[in-house]
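Okay, so here's the structure we're looking at.
Source: prediction; values computed, not measured. Note: hydrogens, waters and symmetry copies are ignored here, and every other heavy atom, side chains too, is used.
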Amino acid sequence: MFSDKPFQILIVIRIQPFSLKYYDLFYFFLFIFSDSSLDRTQKSNIKTFKTVSDYLDQANEQLTDRFENLKAFMIALGDDVQMKTLKYNIAFKRIKNFACVEVHPQSNSILVYFKVDPTTVTLEQGFTRNVTNIGHYGTGDLEIRINNDEDLEKAKHFIEKSYDIS
């Protein structure tokens, strides 16, 4: 019955001359548009952001395997570990979050945020970072960048430490 094409309705109301006092208008035109041009302008003003699921879909096979290994390790820490996929990260928690994971396919890396005090850790350039005063999505003040399988093995110590704290 209805098509997906935009349509236009023109309604013409004719008013007798001199029936409206103080107005010189004899015809009123009412245009009702169901045009998609309004929708296009509204859609162009809306900013869309990619979710962590979108980034996982874009990731190459190596990065996806690395993430799956990380996920399997975190879930295997205990029976009380839960994984929750949020909009911008994936949270791993017991009662409270102990780690939050972000996947970045463009830089081929995984960022993990932990509830470990960064002042108690020796920070390595390109691997660990203190994000105490930096805004980020996720839980914790210690950021670990996992670029390869060796970084994943080094990060397991911090994962266990954060798990024990929470």
Side-chain angles (χ1 to χ4, degrees), residues 1-6 33-166:
M1 183 170 163
F2 295 104
S3 68
D4 292 337
K5 296 180 182 177
F33 291 101
S34 176
D35 191 4
S36 61
S37 64
L38 293 176
D39 295 337
R40 272 187 254 124
T41 57
Q42 290 172 349
K43 287 180 185 176
S44 66
N45 292 336
I46 296 173
K47 294 181 180 178
T48 58
F49 298 98
K50 292 185 179 179
T51 63
V52 69
S53 300
D54 294 335
Y55 284 129
L56 270 172
D57 292 339
Q58 290 179 353
N60 61 22
E61 189 176 341
Q62 289 177 336
L63 188 62
T64 305
D65 290 344
R66 197 172 301 129
F67 170 75
E68 291 298 327
N69 291 339
L70 177 66
K71 180 174 84 169
F73 178 78
M74 286 189 190
I75 290 176
L77 287 173
D79 295 334
D80 55 349
V81 176
Q82 298 173 357
M83 182 183 90
K84 186 172 183 180
T85 303
L86 303 171
K87 189 172 186 177
Y88 298 113
N89 60 33
I90 298 170
F92 292 87
K93 64 181 181 176
R94 293 171 77 180
I95 296 170
K96 294 182 179 179
N97 289 358
F98 67 90
C100 290
V101 178
E102 295 178 4
V103 178
H104 295 276
Q106 289 181 338
S107 61
N108 200 27
S109 63
I110 298 172
L111 295 181
V112 187
Y113 297 97
F114 297 107
K115 281 190 173 181
V116 175
D117 186 14
T119 59
T120 63
V121 176
T122 304
L123 300 178
E124 294 179 37
Q125 182 70 28
F127 179 64
T128 54
R129 185 169 79 143
N130 182 353
V131 292
T132 304
N133 297 320
I134 299 172
H136 61 88
Y137 296 112
T139 302
D141 295 330
L142 181 67
E143 174 189 281
I144 295 182
R145 179 175 296 272
I146 300 173
N147 294 320
N148 51 42
D149 293 333
E150 293 82 30
D151 290 345
L152 178 60
E153 291 302 317
K154 288 194 299 187
K156 288 181 178 180
H157 167 72
F158 296 106
I159 295 169
E160 290 170 344
K161 190 173 180 181
S162 179
Y163 176 80
D164 293 336
I165 291 172
S166 65

- Side-chain (Asp164) to main-chain (Lys161) donor-acceptor, under 3.5 angstrom: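 The answer is no, because no donor-acceptor pair under 3.5 Å joins these two groups.
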
- Determine yes or no for a side-chain-to-main-chain donor-acceptor pair under 3.5 angstrom, with Ser162 supplying the side chain and Phe158 the backbone.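 Flag not set: sc Ser162 to bb Phe158 has no pair under 3.5 Å.
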
What heavy-atom pair brings [X] and [Y] nearest, and what distance separates the two atoms?
X      : Y      : value
Val81  : Leu77  : CG2-CB, 4.3 Å
Asn130 : Pro118 : OD1-CG, 3.4 Å
Leu63  : Pro105 : CD2-CA, 3.7 Å
Ser166 : Lys96  : CB-O, 4.2 Å

- Task: Quick one: list whatever passes side chain to side chain donor-acceptor pair (under 3.5 Å) with Lys50, sequence neighbours left out.
- Result: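 With neighbours one apart ignored, the set is empty.
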
Which value, rounded to the nearest 0.5 Å, describes the distance between [X] atom [atom1] and [Y] atom [atom2]?
X      : Y      : atom1 : atom2 : result
Ile110 : Leu56  : CD1   : CG    : 8.0 Å
Ile146 : Asn108 : CD1   : CG    : 12.0 Å
Leu123 : Thr119 : CG    : OG1   : 9.0 Å
Leu142 : Arg129 : CG    : CZ    : 10.5 Å
Ile144 : Lys156 : CD1   : NZ    : 13.0 Å
Asn147 : Leu152 : CG    : CG    : 11.5 Å

Determine whether more than 12 heavy atoms belonging to other residues, nucleotides or ligands lie under 6.0 Å from atom [atom1] of [X].
X      : atom1 : value
Ile134 : CD1   : yes
Asn60  : CG    : yes
Gln62  : CD    : no

- Please lay out, stage by stage, how Tyr163 and Asp80 fare under the test side-chain hydrogen bond (donor to acceptor under 3.5 Å, both in side chains). CA-CA 11 Å; Tyr163 176 80; Asp80 55 349; 2.9 Å; yes

- Item | Candidate pair Cys100 and His136, rule side-chain contact (heavy atoms from CB on, under 4.5 Å), full reasoning | CA-CA 11 Å; Cys100 290; His136 61 88; over 6 Å; no

- Identified side chain to side chain contact (heavy atoms under 4.5 Å, CB included) partner of Tyr137 from the options Leu86, Asn89, Val52: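 By the side chain to side chain contact (heavy atoms under 4.5 Å, CB included) criterion, Tyr137 pairs with just one of Leu86, Asn89, Val52: Asn89.
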
- In terms of the angle between their ring planes, are Phe98 and Phe92 parallel, tilted or perpendicular, with boundaries placed at 30° and 60°?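 Rings of Phe98 and Phe92: tilted, as their planes differ by 30° to 60°.
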
- Message: Let's go through Glu102 and Tyr113 carefully: what are the C-alpha distance in whole Å and the side-chain angles of both, what is the deciding distance for side-chain contact (heavy atoms from CB on, under 4.5 Å) to 0.1 Å, and is it a yes or a no?
- Response: CA-CA 9 Å; Glu102 295 178 4; Tyr113 297 97; 3.6 Å; yes

- Message: Using side-chain heavy atoms (C-beta onward) and a distance below 4.5 Å, is Lys154 in contact with Asp151?
- Response: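 SC-SC contact between Lys154 and Asp151 confirmed.
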
- Task: Show your reasoning for whether side-chain contact (heavy atoms from CB on, under 4.5 Å) applies to Ile90 and Met74.
- Result: CA-CA 12 Å; Ile90 298 170; Met74 286 189 190; over 6 Å; no

